[in-house]
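The structure appears right after this line, and notes come after that.
One-based numbering, in listed order, for ligands and for the atoms of each. If you're wondering where the values come from, they're calculated on a predicted model, not measured in any experiment.
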Amino acid sequence: DSQLSDTETVTEGQPRWPRQNSLSMREWDIPYDELKMGEMIGTGRFGTVFRGQWHGDVAVKVLDVNYLKDEKTLEQFKNEVSTFRKTRHENLVLFMGACMKPPKLAIVTSLSKGNTLYTHIHLRKDKFNMNKTTNVAQQISQGMGYLHAKGIIHKDLKSKNIFVENGKVVITDFGLFSVTKLCFGNRKSDSLGIPPGWLCYLSPEIMRSLHAHQPHDEELPFSKASDVYAFGTVWYELLCGEWPFKGQPPEAVIWQVGKGMKQPLANLQASRDVKDILMLCWSYDPSARPDFIRLLNSLDKLPKKRLARSPSHPIHLSRSAES
Ligand code: ATP
């Protein structure tokens with residue numbers, strides 16, 4: 001069984017899962033009855049996350065079965081889940097198991113007790129000093145570098161999917177995007193049905209294929225490079241406290257990004273090196289974007305400011321005072 005698992009590969013956007021391997025899923029099956037469900041944490045695009053108990057605190061993402069009724073979609077869900085179980089890294093959420101028996105489909109992970117970067121940046125308006133900003137970016141790059149080394153593309157890297165708990169970064173929701181996309185495609189709507197705050201993470205090549213009305217079972221061109229583009233946007237959020245193209249309508253963002261235009265950085269008071277990272281990640285040409293190993297290298301080289309207090313103690317400096 002484990003030998004079979006070794007032959008399984010996930011290439012860019014094309015998970016392969018030999019039929020026999022369905023057997024090996026059993027060890028990850030959690031009978032739904034064993035889960036003690038607690039309060040709801042929130043609802044996302046294709047499911048609802050609950051607090052739960054299963055040998056301790058867990059997060060249970062219950063999927064909306066309406067979207068997963070047919071055999072093919074269920075198989076795809078299992079494929080997506082199979083990408084989870086290959087991950088062991090301290091900056092990635094811990095996959096604990098899944099309930100695979102319809103109509104109960106759920107993914108069980110460790111419960112993140114901290115806030116998401118989204119909450120820190122956009123709701124609480126927390127200001128991170130440059131050292132903390134760099135440190136968070138380094139941890140994201142570590143986790144993402146690991147995912148990429150495993151051949152897994154996140155496809156949905158964004159500040160909502162990054163938790164910070166006691167200074168430690170934990171990335172969630174990797175590799176589940178195809179299931180999400182199916183729901184997205186199922187939507188009966190003339191518009192693109194784009195969730196808010198999603199667009200600015202999409203690379204030009206993805207933007208351009210969104211634009212062309214592709215049938216919904218056709219893959220969007222996600223790649224390691226499109227993950228790097230999304231990382232660029234997170235880096236921008238960390239630096240500026242807002243999303244790029246803030247306040248602009250979706251059509252304007254799609255058009256600009258598709259044409260290779262970028263959010264201007266004139267108002268960003270940061271060093272050249274900091275801006276260079278941003279511009280490289282946002283390169284129009286995917287092959288011009290750095291990989292996470294190179295990004296880590298660049299982040300490591302950013303000058304460290306000496307702090308008057310311990311770095312674990314939050315200090316709120318105004319951005320201009322720091323840069
Ligand atoms: P989207 O569907 O667009 O990705 P989302 O990220 O808000 O939006 P979900 O991933 O379904 O949607 O998450 C719903 C809520 O549950 C969010 O508030 C999220 O922060 C929270 N959540 C998700 N995973 C965990 C976890 N492992 N621990 C704690 N909370 C979590």
Side-chain angles (χ1 to χ4, degrees), residues 28 30 35-68 77 80-81 83-85 87-99 105-124 126 136 139-140 143 147 153-166 168-187 189 192-202 206 210 220 222 226-227 230-231 233-234 237 243 250:
W28 302 101
I30 298 177
L35 286 171
K36 242 210 235 136
M37 302 294 280
E39 75 198 63
M40 185 178 108
I41 302 176
T43 303
R45 273 170 288 173
F46 69 106
T48 305
V49 178
F50 295 87
R51 227 173 264 276
Q53 283 284 321
W54 191 70
H55 304 286
D57 290 338
V58 292
V60 185
K61 186 164 203 158
V62 181
L63 303 176
D64 193 337
V65 245
N66 288 329
Y67 294 124
L68 293 163
F77 168 69
E80 300 283 9
V81 169
T83 65
F84 265 99
R85 60 175 202 150
T87 56
R88 293 159 195 269
H89 190 277
E90 63 169 342
N91 298 120
L92 300 179
V93 77
L94 176 68
F95 169 71
M96 297 181 73
C99 305
L105 292 174
I107 293 166
V108 182
T109 64
S110 56
L111 181 74
S112 299
K113 304 227 163 98
N115 284 311
T116 61
L117 264 188
Y118 163 83
T119 302
H120 278 295
I121 297 172
H122 302 284
L123 302 182
R124 295 171 38 147
D126 290 340
V136 167
Q139 293 188 61
I140 299 169
L147 271 188
I153 298 164
H154 191 301
K155 301 184 186 175
D156 200 17
L157 182 67
K158 55 183 184 178
S159 54
K160 268 194 173 182
N161 288 338
I162 301 167
F163 282 87
V164 188
E165 189 176 337
N166 296 326
K168 198 177 124 189
V169 166
V170 173
I171 303 170
T172 65
D173 253 4
F174 32 89
L176 275 173
F177 193 81
S178 299
V179 182
T180 328
K181 181 177 64 74
L182 289 168
C183 317
F184 177 58
N186 275 345
R187 283 216 194 137
S189 150
L192 285 168
I194 294 153
W198 181 54
L199 220 41
C200 55
Y201 298 101
L202 298 185
I206 295 175
L210 263 188
L220 292 168
F222 287 105
S226 67
D227 276 352
F231 168 83
T233 299
V234 175
E237 289 174 82
W243 280 297

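- For the pair D227 (side chain) and I153 (backbone), a donor-acceptor distance under 3.5 Å is absent.
- The ligand atoms of ligand 1 that sit less than 4.0 angstrom from a heavy atom of L111 are 28 (N), 29 (C).
- The N161 neighbourhood of ligand 1 comprises atoms 6 (O), with distances under 4.0 Å to a heavy atom of that residue.
- For W198, no heavy-atom contact with ligand 1 is shorter than 4.0 Å.
- With ligand atoms numbered from 1 in the order given, ligand 1 contributes 16 (O), 21 (C), 30 (N) to contacts under 4.0 Å with heavy atoms of I41.
- With atom 4 (O) of ligand 1 as the reference point, the heavy atom nearest to it among E165, K158, K160 is part of K158.
- In this structure, T109 and K61 have side chains that are not in contact, with every pair of non-hydrogen atoms separated by 4.5 Å or more.
- Considering both main-chain and side-chain atoms, T172 never comes within under 3.5 Å of ligand 1 through any nitrogen or oxygen pair.
- Atom numbering of ligand 1 starts at 1 in the shown order; those under 4.0 Å from a heavy atom of V49 are 11 (O), 13 (O), 14 (C), 16 (O), 22 (N), 23 (C).
- Atom numbering of ligand 1 starts at 1 in the shown order; those under 4.0 Å from a heavy atom of T116 are 20 (O).
- Judged purely by atom type and a 3.5 angstrom limit, H122 has no side-chain atom pairing as donor or acceptor with the backbone of L117.
- Of all the heavy atoms of K61, the ones lying under 4.0 Å from any atom of ligand 1 belong exclusively to the side chain.
- In this structure a side-chain-to-backbone donor-acceptor pair under 3.5 Å is missing from T172 to V93.
- For the pair N161 (side chain) and D156 (backbone), a donor-acceptor distance under 3.5 Å is present.
- For ligand 1, the atoms lying closer than 4.0 Å to a non-hydrogen atom of D173 are 4 (O), 10 (O).
- In T109, the part holding a heavy atom less than 4.0 Å from any atom of ligand 1 is the side chain.
- A distance-only check finds no donor-acceptor pair linking the side chain of N115 to the backbone of F163 [under 3.5 Å].
- In this structure, the side chain of Y201 does not engage the main chain of V234 through any donor-acceptor pair within 3.5 Å.
- Looking at A59 against ligand 1, only its side chain comes within 4.0 Å, counting heavy atoms.
- The backbone N or O of K113 lies less than 3.5 Å from a partner atom in the side chain of E165, making a donor-acceptor pair.
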Self-check item: Verdict with supporting geometry, D173 and K160, salt bridge (charged side-chain N to carboxylate O under 4.0 Å, His left out)
Solution: CA-CA 10 Å; D173 253 4; K160 268 194 173 182; over 6 Å; no

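- Residue-level proximity to ligand 1 for T48 is absent, since no heavy atom of it falls below 4.0 angstrom.
- Between T43 and ligand 1, no N or O atom pair is found at a separation short of 3.5 Å.
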